[in-house]
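Worksheet: one structure, shown below.
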Amino acid sequence: MYNNLFDAHPPFQIDGNFGATSGITEMLLQSHLRDEEGNYYQDLLPALPGALTDGSISGIKGKGGFEFSIRWAGGKLAECKVKSLLGNTLLVRYQGKVVKMETEVGREYVVEI
């Protein structure tokens, strides 16, 4: 891995480049677990590295049809906005707390945890 996060294996390896991006994204948002009704949990900052105490990411997608904009400061969640793309039930989880919301297609929500 080079400093620019490109894969260092010759010839150019696109799967290595995408793998690094995917791994970083998984540290900020995970959405592979479901509740008993089949709704996906959207886990915020589940593995935030100590080197990233402040930052933000936007436009990342969670399973179930959600688009996230997340900001953190001092290693803690500062703001979370979620756009519902499909109108599914939203389950956001952060540090053991869960917020459940019914959503409408195209509407943006601010999650207070």
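Just so it is clear, the structure is predicted and the values come from calculations on it, not from any experiment.
Taking SG of C80 as the reference point, atom CZ of R71 lies at 11.0 Å (rounded to 0.5 Å).
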For the pair L85 and V105, evaluate side chain to side chain contact (heavy atoms under 4.5 Å, CB included) and give the outcome as yes or no after the intermediate values. CA-CA 5 Å; L85 304 175; V105 175; over 6 Å; no
Stepwise salt bridge (charged side-chain N to carboxylate O under 4.0 Å, His left out) test for R107 and E102: CA-CA 11 Å; R107 195 157 166 226; E102 297 303 321; over 6 Å; no
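Contact check for M27 versus P49: side-chain heavy atoms found under the 4.5 Å cut-off.
Residues E67 and K61 are paired through a salt bridge, judged by an N-O separation under 4.0 Å between the basic side chain and the carboxylate. With respect to the salt-bridge test (charged N to carboxylate O, under 4.0 angstrom), the residues E112 and K97 do not qualify.
Here the side chain of Q30 pairs a donor or acceptor atom with the backbone of E26 at under 3.5 angstrom. Side-chain N or O atoms of S31 include none that pairs as donor or acceptor with a backbone N or O of G62 at under 3.5 Å. With hydrogens and angles ignored, the 3.5 Å screen pairs no side-chain donor or acceptor of T53 with any backbone N or O of G74. No donor-acceptor pair under 3.5 Å is formed between the side chain of D43 and the backbone N or O of P46.
The hydrophobic cluster around Y94 extends to L28, L29, L44, L45, L48, L52, I57, I60, F66, F68, I70, W72, L77, V82, L90, V92, V99, M101, Y109, V111, I113, counting ILVMFWY residues whose side-chain heavy atoms fall within less than 4.5 Å of a member.
If you check the side chains of Y40 and R34, you find a donor sitting under 3.5 Å from an acceptor. Side-chain atoms of S69 and S58 include no donor-acceptor pair closer than 3.5 Å.
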